[in-house]
Protein chains: 2
Amino acid sequence: MTAKHGGTKITINYVAEKAGVSKTTVSRFLNGRFEMISADTRERIASVVEELDYRPNRIAQSLKSRSSRTIGCLVSDIGSPFSSILVKGISSVLNEQGYRLILADSEDNPVNERNAIDSFLESQVDGLIVNSTGANDRFLLQLRDNGLPVVFADRCLSIPGEIDTVETNNTEMTCSCMQYLSRMGYTKVGFFANGIGKNTTRMARLSGYLKTMEEVFGYDGRDTVYEYVSHGDGSGCADKILKFITTYSQERVALFAVNGVAMLDILNALQKMKLQAGADVGVCGFDNWGWADLIPPGITTIAQDSFAVGAEAAKIILDRLSGEGDPACRKIVLPSKLEVRGSTVR
Amino acid sequence: MTAKHGGTKITINYVAEKAGVSKTTVSRFLNGRFEMISADTRERIASVVEELDYRPNRIAQSLKSRSSRTIGCLVSDIGSPFSSILVKGISSVLNEQGYRLILADSEDNPVNERNAIDSFLESQVDGLIVNSTGANDRFLLQLRDNGLPVVFADRCLSIPGEIDTVETNNTEMTCSCMQYLSRMGYTKVGFFANGIGKNTTRMARLSGYLKTMEEVFGYDGRDTVYEYVSHGDGSGCADKILKFITTYSQERVALFAVNGVAMLDILNALQKMKLQAGADVGVCGFDNWGWADLIPPGITTIAQDSFAVGAEAAKIILDRLSGEGDPACRKIVLPSKLEVRGSTVR
DNA sequence: CTGTTAGCGCCTTCAT
DNA sequence: ATGAAGGCGCTAACAG
């Protein structure tokens with residue numbers, strides 16, 4: 001609802017009338033083409049705009065210009081710290097450039113995801129930043145091929161093809177982390193994931209894990225991959241942890257969390273089982289959401305810069321829109337940081 | 001970018017042409033007015049729409065209908081778990097009703113906030129859900145008076161006036177929490193806030209605190225209110241904690257965190273000072289973000305249902321838009337929950 | 001049942 | 001330096 005004045009909607013027409021000029025002139029004024037306007041009329045328009053508190057209708061502008069200056073952003077769960085900070089990064093860059101952000105939460109559901117994409121398209125978004133479930137990748141690729149800038153953030157394409165991507169060095173960092181665990185004397189590492197499915201981020205971490213298990217630990221890691229359903233309280237993974245620990249009671253074992261959710265689950269489960277991270281079993285994994293230092297003996301985590309992931313994704317979109325930068329497909333891999341704490345020491 | 005076909009933008013006109021009918025008929029078809037269409041043409045249009053993968057342009061629809069079916073949501077920090085879950089609640093309700101969500105992050109800055117609101121207005125949003133900084137409340141009230149539905153979420157109006165509001169029972173719960181601390185034998189409680197300013201939520205909690213300090217603890221709480229600047233690592237409040245504790249070394253003292261950020265700061269500071277929550281000093285406060293149970297001896301927290309706050313705010317907006325429900329100004333106060341753990345015991 | 005016409009608010013040639 | 005006219009894609013009278 002734009003400001004009103006005695007019941008009349010304030011449009012460019014109304015401003016023109018009040019200022020005694022044509023709407024063409026007002027339009028020029030609004031778009032800063034001052035060279036074509038006399039100082040006199042320019043001032044007159046300015047004062048009318050000011051007085052009426054006129055706000056141009058972006059909807060009408062968009063219809064005419066065929067550009068909404070709006071980016072659609074689709075995340076799998078806006079409630080998770082990772083996603084929300086990712087969105088903050090996106091928002092920060094877009095806002096700076098006068099772009100608007102439409103947000104949708106797929107809840108990791110392919111149907112919701114598809115609906116959200118359709119809605120974005122109908123809204124005439126100028127670009128798409130996606131935390132894809134993987135199920136609609138063919139469709140997304142096709143949209144990109146039709147000319148719509150699409151960037152994958154914290155996900156890569158789950159099918160053959162090329163698309164702009166920004167993500168963390170998932171595989172490499174998982175390898176590094178595993179190597180670190182090996183150096184610390186652990187002989188078996190359990191990989192705990194609240195589902196893997198088509199989630200390429202989790203798959204990338206899994207692949208780094210499997211590789212290092214084979215090459216460094218010298219065993220087939222598939223035996224120690226534990227998928228479970230998270231209930232947010234550790235109940236989903238407790239039995240799997242127990243099984244892992246008892247199966248390898250003769251070894252030095254550690255638990256690896258594929259992400260922050262799994263990490264919380266593991267810690268909750270250990271607490272219920274009266275097991276101490278560090279002393280009884282090694283614990284480490286992805287995502288430092290602010291409390292890793294506070295849970296004794298300090299939890300070894302891999303911290304990601306999700307703000308940067310979002311910011312870079314937004315920058316790519318804007319580059320694509322302006323035609324700037326290398327037109328070749330971009331794959332940005334951002335570093336993460338292994339933060340060693342007590343839970344993987346001795 | 002809507003789907004293309006040999007370079008032609010697919011519009012309602014194009015569909016009409018292909019189907020050999022007028023665009024009016026196609027429009028009727030799209031809007032489900034099937035009574036006015038013969039089964040034959042109806043089928044013809046359906047197949048053309050399907051074949052062309054036609055998507056109506058919501059921009060054009062909005063221009064015509066003067067309704068964008070879009071709600072603007074302004075939060076102070078989308079990166080915080082409180083806000084992001086709030087947004088999830090909003091998104092969930094809006095999505096269900098086919099409304100879109102434009103998001104902006106004010107970073108608690110009044111200028112950013114004002115710009116975001118202006119941008120929302122230009123985008124012709126049908127309503128506004130705001131996590132107000134307080135600095136633009138007069139403006140927001142005026143917008144509402146001009147007919148734009150505006151709902152305050154997790155904030156109330158900082159100036160005289162009435163506006164739809166959804167928030168947690170901040171004052172009452174803070175009182176309850178203080179009374180609980182009194183019963184537990186604490187005699188002094190420090191109120192720690194990462195800034196209060198015009199933030200009405202923090203002010204409400206402060207007022208509950210001051211009231212109970214006077215009525216139950218029997219002292220002027222203003223002496224034990226500590227405002228500081230958060231750096232995310234506790235460094236901002238460590239000296240204030242130290243001062244509080246040493247000043248009242250003869251008393252049984254507890255620290256109260258005004259929100260989750262302050263809570264993390266306090267815990268980090270205590271850790272650095274080698275002080276134990278619970279044993280050395282009582283600790284409790286707002287926001288349970290999943291780890292309260294895991295930090296020994298368990299941190300007593302006040303858990304808010306921020307999803308519900310968002311969902312209720314969105315429902316009010318939709319009610320206002322549809323004219324349903326009580327037209328009187330609504331003040332929804334949602335319950336929160338005091339979760340007692342070891343940090344306030346003995 | 002279907003089409004014609006006009007117009008939402010704005011921008012953009014093309015004249016003047 | 002300024003304006004008139006047309007059109008972006010869609011909906012809604014108003015006619016038939």
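Note that this is a predicted model, so its numbers are computed, not measured. Any value given below was found using the heavy atoms of this structure, including those in side chains, with hydrogens, waters and symmetry copies removed. Just so we're on the same page: letters track the sequence lines, and every chain starts at 1.
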Practice problem: Can you see which heavy atom on B:Asp126 is nearest to which on B:Leu321, and at what distance? | Solution: O-CD1, 3.3 Å
Self-check item: Inter-axis angle, terminal five-pair segments of the helix from C:dC1-D:dG16 to C:dT16-D:dA1 [nearest 10°]
Solution: 40°
Self-check item: C:dC8 base / B:Lys64 side chain donor-acceptor hit below 3.5 Å
Solution: no
Quiz item: Nearest-Å distance, CG (A:Leu63) to P (C:dC11)?
Solution: 11 Å
Quiz item: Of the nucleotides D:dG9, C:dT12, D:dA12, which has the atom closest to the A:Thr24 side chain?
Solution: C:dT12
Quiz item: Strictly by modelled atom types, are B:Asp137 and B:Ser158 linked by a side-chain donor-acceptor pair under 3.5 Å?
Solution: yes
Quiz prompt | Members of residues 36-45 of chain A that approach DNA chain D, where some heavy atom sits under 4.0 Å away | solution = A:Met36, A:Ile37, A:Ser38, A:Thr41
Quiz item: Can you find a side chain N or O atom of B:Ser22 that sits less than 4.0 Å from OP1 or OP2 on C:dG3?
Solution: yes
Quiz prompt | Side-chain-base donor-acceptor pair under 3.5 Å for A:Arg28 and D:dG3 | solution = yes
Quiz item: So, is A:Tyr54 near the phosphate of C:dG9, with a side-chain N or O under 4.0 Å from OP1 or OP2?
Solution: no
Exercise. Can you tell me the distance, in whole Å, between the CD atom of A:Glu17 and the P atom of C:dC10?
Key: 13 Å
Quiz prompt | For atom CD of B:Glu122 and atom P of C:dC11, their distance in whole Å | solution = 11 Å
Quiz prompt | 5′-ward residue of the pair A:Phe34/A:Lys23 relative to DNA chain D | solution = A:Phe34
